[in-house]
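What you see is a predicted model; the values in this text were computed from it and never measured. All heavy atoms count here, side chains included; hydrogens, waters and symmetry mates do not.
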Amino acid sequence: MQVTVLRPDELTASDIAAWEAMQSADPELANPFLSPEFTRAVGRRRPTARVARLAEDSRTVGFFPFERHALGSGKPIGSGFCDCQGLIHLPDLDWRPAELLRACDLAIWEYDHLAAGQTPFETAGTPRARAASPVMELDGGHHTYLERLGHKFLRAARGQERRLTREVGPLRLDFHRSEPALLDTLIRWKSAQQREKGRRDLLSQEWFRTILWELFDLPSESCSGTLSVLYAGEEPVAMLYGLRSRQVLATWFPTYDTRFARYSPGILLHLELAEAAAERGIARVDMGKGTARYKDALKTADLSVSEGYVDRHTPKAALCRLRMTSGRTARAAVRANPAVYRAAVRAVGAVDRLR
């Protein structure tokens, strides 16, 4: 196998066409976070971004997007905000992780949202944990999706819908609005929500907002930033910025106007979104790794994503493992102390704003 390492903007039109064809051929690779558009958008903001192009007998057989850091430490492309990671490849491709890492000049590659079907990485590597990524299955149509939900939950949601309609105005969903002002509003709402919960606010960083803007309304079938807005009368009450491919809608940033929190507008938005997505042929709405009450209520299945690393047996890899273990221990200690954790989040936010 021949491996050529490129910067994302060095991908050719034929590379992108081959990449998208591989995604179309395998539902497990259809997530927009695995798309060439996402990789190229990140690459314009992160100088560490690279793509390995795999070929056999002059035929392209796979693409591996990654970031290369000090000592040959590797991360997925968009590490820290990429919700699906792995190698994009032709069906039944046999690859050896150690050889791939050597060709990419990586001592270790650490992942935290490894997609299903990436068996060689898991077999050769060191998995740490598995987690559920809740999804709304729409392949059987919108009515089938609703039938899978609990009747008690659906009855309560419809009651909230009637109450919101009566007290504010009739509901309507715009599946995609390309108005810049609305995206600015979503960023403001979501940033406030993240700060309120004591979480790191990526949206406060200009370079990250630039990635959102680059993907917004992109004319691509493998990755397009989509802004869905739920209105009650003329009031936008909930919004969601997601990444959409032909088959999958990944709900990246859902948020709502806190003035309407008592109506559960986020739940109502997702229910309306399911119908609109099914009408457009989208088979799955991926709500991302992690537990939340709204995800538990809306999901009809869970995808399994894994966290871990794969490495080579080299001195650099040993140093990377030591640094990785020390970092995880330090982060666990910070999280164990709420006051220290809040102070750390505030400090990181201040640094981000300065950048």
Side-chain angles (χ1 to χ4, degrees), residues 22-23 26-35 38-39 42 49-52 54 62-69 72-101 104 106-137 243 245 247-252 283-292 295-296 299-313 317 320-329 331-332 335:
M22 292 174 198
Q23 286 191 278
D26 186 348
E28 291 181 342
L29 299 175
N31 194 293
F33 284 105
L34 296 177
S35 69
F38 179 78
T39 292
V42 173
R50 299 290 185 273
V51 179
L54 286 60
F63 295 93
F64 178 54
F66 66 96
E67 295 180 19
R68 186 165 55 209
H69 299 280
S73 173
K75 298 276 190 178
I77 197 83
S79 177
F81 54 86
C82 177
D83 287 352
C84 192
Q85 304 155 357
L87 176 75
I88 297 89
H89 58 87
L90 289 177
D92 302 320
L93 177 68
D94 179 27
W95 81 88
R96 292 170 176 78
E99 293 180 7
L100 178 61
L101 264 59
C104 296
L106 294 177
I108 191 169
W109 184 65
E110 187 180 8
Y111 54 84
D112 57 10
H113 287 74
L114 189 67
Q118 303 280 320
T119 307
F121 280 134
E122 294 188 297
T123 302
T126 304
R128 290 199 201 101
R130 284 191 175 275
S133 185
V135 297
M136 303 160 68
E137 299 167 300
L243 295 182
S245 68
Q247 299 163 275
V248 177
L249 174 62
T251 63
W252 208 3
R284 185 172 73 231
V285 175
D286 189 338
M287 294 182 283
K289 184 177 83 169
T291 59
K295 293 181 182 182
D296 290 340
K299 72 178 184 180
T300 55
D302 287 309
L303 300 180
S304 178
V305 296
S306 58
E307 175 185 333
Y309 65 90
V310 59
D311 63 347
R312 296 159 56 201
H313 298 294
C320 289
R321 287 195 301 272
L322 179 62
R323 187 172 65 175
M324 183 174 65
T325 302
S326 300
R328 288 175 61 84
T329 301
R331 287 192 295 272
R335 290 193 182 100

Practice task
Sequence neighbours left out, what passes ring pair (Phe, Tyr, Trp, His ring centres under 6.0 Å) with F121? Give chain and number order.
Solution key: F64, W95, W109

Practice task
State the CG-NE2 distance between D94 and H89, to the nearest 0.5 angstrom.
Solution key: 10.5 Å

Exercise for the section: Over 60° means perpendicular and under 30° means parallel, so classify the ring planes of W252 and F81, tilted if in between. Expected result: tilted

Practice task
Considering non-hydrogen atoms only, spot the tightest contact between Q118 and L29 and give its length.
Solution key: NE2-CD2, 3.8 Å

Problem - side chain to side chain donor-acceptor pair (under 3.5 Å) partners of residues 76-85, not counting sequence neighbours, each pair once - result: Q85-D112

Practice task
Please step through side chain to side chain contact (heavy atoms under 4.5 Å, CB included) for the pair M136 and T251, ending with a clear verdict.
Solution key: CA-CA 11 Å; M136 303 160 68; T251 63; over 6 Å; no

Fill in the blank from the handout: Taking every heavy atom of Y111 against every heavy atom of P127, the minimum-distance pair comes out as OH-CA, 4.2 Å

Problem - Contacts of type side chain to side chain contact (heavy atoms under 4.5 Å, CB included), residue A98, not counting sequence neighbours - result: none

Practice task
Grab the two heavy atoms, one from S245 and one from A30, that are nearest each other, plus how far apart they are.
Solution key: OG-O, 2.8 Å

Practice task
Check whether any side-chain heavy atom of E67 sits under 4.5 Å from a side-chain heavy atom of I77, and report yes or no.
Solution key: yes

Practice task
For P65 and G86, work out which heavy atoms get closest and say how close.
Solution key: CD-O, 3.7 Å

Problem - Student check: side-chain heavy atoms of L87 and L54 closer than 4.5 Å - result: yes

Completion exercise
Residues passing the side chain to side chain contact (heavy atoms under 4.5 Å, CB included) test with V305, sequence neighbours excluded, are A131, S133, K289

Handout entry: side chain to side chain contact (heavy atoms under 4.5 Å, CB included) against K299, all qualifying residues, sequence neighbours excluded
Key = P134, M287, D296, D302

Completion exercise
CZ (F33) and OG1 (T39) are apart, to the nearest 0.5 Å, by 11.5 Å

Exercise for the section: Of all the heavy-atom pairs spanning G78 and V42, show the shortest one and how long it is. Expected result: N-CG1, 3.7 Å

Handout entry: Shortest non-hydrogen contact between A52 and F66, atoms and distance
Key = N-CE2, 4.0 Å

Exercise for the section: Would you please name every residue forming a side chain to side chain donor-acceptor pair (under 3.5 Å) with R130, sequence neighbours left out? Expected result: E122, S304

Handout entry: Under 3.5 Å donor-acceptor, R312 side chain and L106 backbone
Key = yes

Practice task
Just do the side chain to side chain contact (heavy atoms under 4.5 Å, CB included) check on Q23 and I88 with the steps written out, would you?
Solution key: CA-CA 7 Å; Q23 286 191 278; I88 297 89; 4.2 Å; yes

Problem - Any donor-acceptor N/O pair, S73 side chain to H69 backbone, under 3.5 Å - result: no

Exercise for the section: Could you tell me the separation between the SG atom of C84 and the CG atom of L243, rounded to the nearest 0.5 Å? Expected result: 11.5 Å

Handout entry: Residues that D92 engages under salt bridge (Lys or Arg N to Asp or Glu O under 4.0 Å), provided they are two or more places apart
Key = none

Exercise for the section: Tell me, please, which residues at least two apart from E137 pass side chain to side chain contact (heavy atoms under 4.5 Å, CB included). Expected result: V135, D139, R148, T300, A301

Handout entry: Non-neighbouring partners of H113 that pass ring pair (Phe, Tyr, Trp, His ring centres under 6.0 Å), sequence neighbours left out
Key = none

